[in-house]
Amino acid sequence: MTDISSELPVFGVVEGSLDEVVLLRLAGDFNLPLGPVHVKNGKDHLRRHIKGYNQAAQSSYWIVLVDLNHEAECAPDLIDNWLPKRIPRLIFRVVVREVEAWLLADRERIAHFLGVSEARVPRNPDLLDDPKRKVIELAKKSRKRKIIEDMVARIDSGRIIGNAYTSRLSDFVRSDWCPKTAANNSDSLKRCLKRLAEIRR
């Protein structure tokens, strides 16, 4: 286990606001002294700056979370393509395939939150082609009217998600989601937790 010196800061980089909430929750669970989290508004922006974060990791820890989506066959391929040579303090973790998969992996709690039967929640969300679409499909079947209103886009809106989709899931992450339980159903999350455990105080 690597001890984080009180003089060595820890920073984060993520694609979007929901990813930021997830990273803050993970850091809190491991007592990591996480400083500012840089939200890059999409994968392309993050990728353009990844070499800079790698250089910055010479003097501090940097935790980078990025979705696999369909950019590569697997997480190692994406990492090797983006950054073949990494400084050890750069913790580069790939979410398979989107951060929603990690939330779905806590099947009992996400089912209760969405107001659906746990049986509807996939047992292995890492295998889902489009985890976000699955969350929306579940929300459409919710017994809770507010979940439908907040998370499901109106037909005439031209949107993929409802106006409060991100804020609703962010509330779930902060108040209900249990990463250690979710890791039992998500290998990519399990690997992330293992790596974070190696650098905690």
Side-chain angles (χ1 to χ4, degrees), residues 1-43 45-69 71-72 74-106 109 124-126 131 169-170 172-201:
M1 181 181 299
T2 304
D3 181 42
I4 297 180
S5 167
S6 60
E7 299 178 357
L8 194 62
V10 183
F11 301 102
V13 187
V14 295
E15 292 184 47
S17 57
L18 180 57
D19 309 87
E20 178 185 17
V21 176
V22 167
L23 180 55
L24 288 170
R25 175 61 192 272
L26 296 178
D29 282 3
F30 283 96
N31 293 319
L32 294 176
L34 188 64
V37 176
H38 301 260
V39 182
K40 305 315 294 182
N41 298 315
K43 182 182 291 185
H45 194 134
L46 195 158
R47 182 174 186 174
R48 287 197 296 270
H49 293 83
I50 190 66
K51 291 183 179 178
Y53 301 129
N54 193 44
Q55 288 300 313
Q58 295 184 67
S59 57
S60 56
Y61 278 93
W62 284 79
I63 304 172
V64 177
L65 282 186
V66 63
D67 290 347
L68 177 63
N69 298 121
E71 185 168 332
C74 60
D77 285 351
L78 184 146
I79 293 173
D80 289 341
N81 186 32
W82 280 33
L83 200 63
K85 296 180 180 179
R86 297 181 300 282
I87 291 173
R89 291 196 187 102
L90 183 78
I91 314 302
F92 194 174
R93 305 314 309 170
V94 178
V95 184
V96 180
R97 292 190 177 262
E98 295 171 310
V99 74
E100 282 87 350
W102 285 6
L103 309 187
L104 288 167
D106 190 353
R109 291 179 179 84
N124 193 342
D126 282 6
L169 284 184
S170 296
F172 169 70
V173 171
R174 294 187 188 100
S175 61
D176 299 325
W177 185 54
C178 179
K180 290 184 179 179
T181 298
N184 293 325
N185 296 314
S186 170
D187 287 340
S188 66
L189 177 56
K190 183 183 294 184
R191 289 192 294 270
C192 179
L193 298 189
K194 181 179 179 181
R195 186 68 183 93
L196 294 180
E198 292 172 353
I199 65 167
R200 67 185 175 185
R201 287 184 185 273

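Residues: numbered from 1 along the sequence shown. When reading the values below, keep in mind they use all heavy atoms of this one structure, side chains included, and skip hydrogens, waters and symmetry mates.
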Discussion item. Applying side chain to side chain contact (heavy atoms under 4.5 Å, CB included) to Lys194 and Arg191, what does each step give before you reach the verdict?
Written reply: CA-CA 5 Å; Lys194 181 179 179 181; Arg191 289 192 294 270; 5.6 Å; no
Fill in: Check against side chain to side chain contact (heavy atoms under 4.5 Å, CB included), Asp29 and Leu196
CA-CA 10 Å; Asp29 282 3; Leu196 294 180; over 6 Å; no
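Taking the side chain as every heavy atom from C-beta outward, Val66 and Glu15 approach each other to under 4.5 Å. Within the 4.5 Å cutoff, the side chain of Leu103 has heavy atoms near those of the Val22 side chain.
Using modelled atom types, no side-chain atom of Asp67 and backbone atom of Glu98 make a donor-acceptor pair closer than 3.5 Å. Judged purely by atom type and a 3.5 angstrom limit, Lys40 has no side-chain atom pairing as donor or acceptor with the backbone of Val13. With Trp177 contributing its side chain and Trp102 its backbone, the two residues share a donor-acceptor pair below 3.5 Å. Side-chain atoms of Asn54 come within 3.5 Å of backbone atoms of Ile87 as a donor-acceptor pair (strictly under, hydrogens ignored). In this structure a side-chain-to-backbone donor-acceptor pair under 3.5 Å is missing from Asp19 to Val99. Put simply, the side chain of Arg93 never gets that close to the backbone of Arg195: no donor and acceptor are under 3.5 Å apart. In this structure a side-chain-to-backbone donor-acceptor pair under 3.5 Å is missing from Glu20 to Val39.
Judged as a side-chain contact (heavy atoms from CB on, under 4.5 Å), and not counting sequence neighbours, Asn184 has no contacts.
Shown here for Ala75 and Val94, the closest heavy-atom pair between the two residues is CB-CB, 3.6 Å. Closest heavy-atom contact between Ala105 and Asn185: O-ND2, 2.8 Å. The shortest non-hydrogen separation linking Pro125 to Pro131 is O-CG, 4.5 Å. Considering every non-hydrogen atom in both Leu78 and Ala72, the closest pair reads N-CB, 3.8 Å. Residue Leu189 comes nearest to Ala183 through the heavy atom pair CD2-N, 3.7 Å, listed as atom of the first residue, atom of the second, then distance.
Expressed to the nearest 0.5 Å, how far CZ of Phe172 lies from CG of Leu18 amounts to 10.5 Å. Rounding to the nearest 0.5 Å gives a distance of 10.5 Å between CZ of Arg109 and OG of Ser175. Between the CD1 atom of Ile91 and the CD1 atom of Ile199 there is a distance of 4.5 Å, given to the nearest 0.5 Å. With values rounded to the nearest 0.5 angstrom, Cys178 atom SG is found 6.0 Å from Asp106 atom CG. How far CZ of Phe92 is from CG of Asp80: 9.5 Å, rounded to the nearest 0.5 Å. The distance from the CG atom of Leu68 to the CD1 atom of Ile79 is 9.5 Å, given to the nearest 0.5 Å.
Of the residues Val14, Leu23, Leu46, Leu83, the one that meets the side-chain contact (heavy atoms from CB on, under 4.5 Å) test with Val64 is Leu46.
Using cut-offs of 30° and 60° on the angle between ring planes, the pair His45 and His49 is parallel.
Counting only residues at least two apart or on different chains, the side chain to side chain donor-acceptor pair (under 3.5 Å) pairs with a member in residues 81-90 are Glu71-Trp82. Sequence neighbours left out, not one pair with a member in residues 176-188 passes salt bridge (charged side-chain N to carboxylate O under 4.0 Å, His left out).
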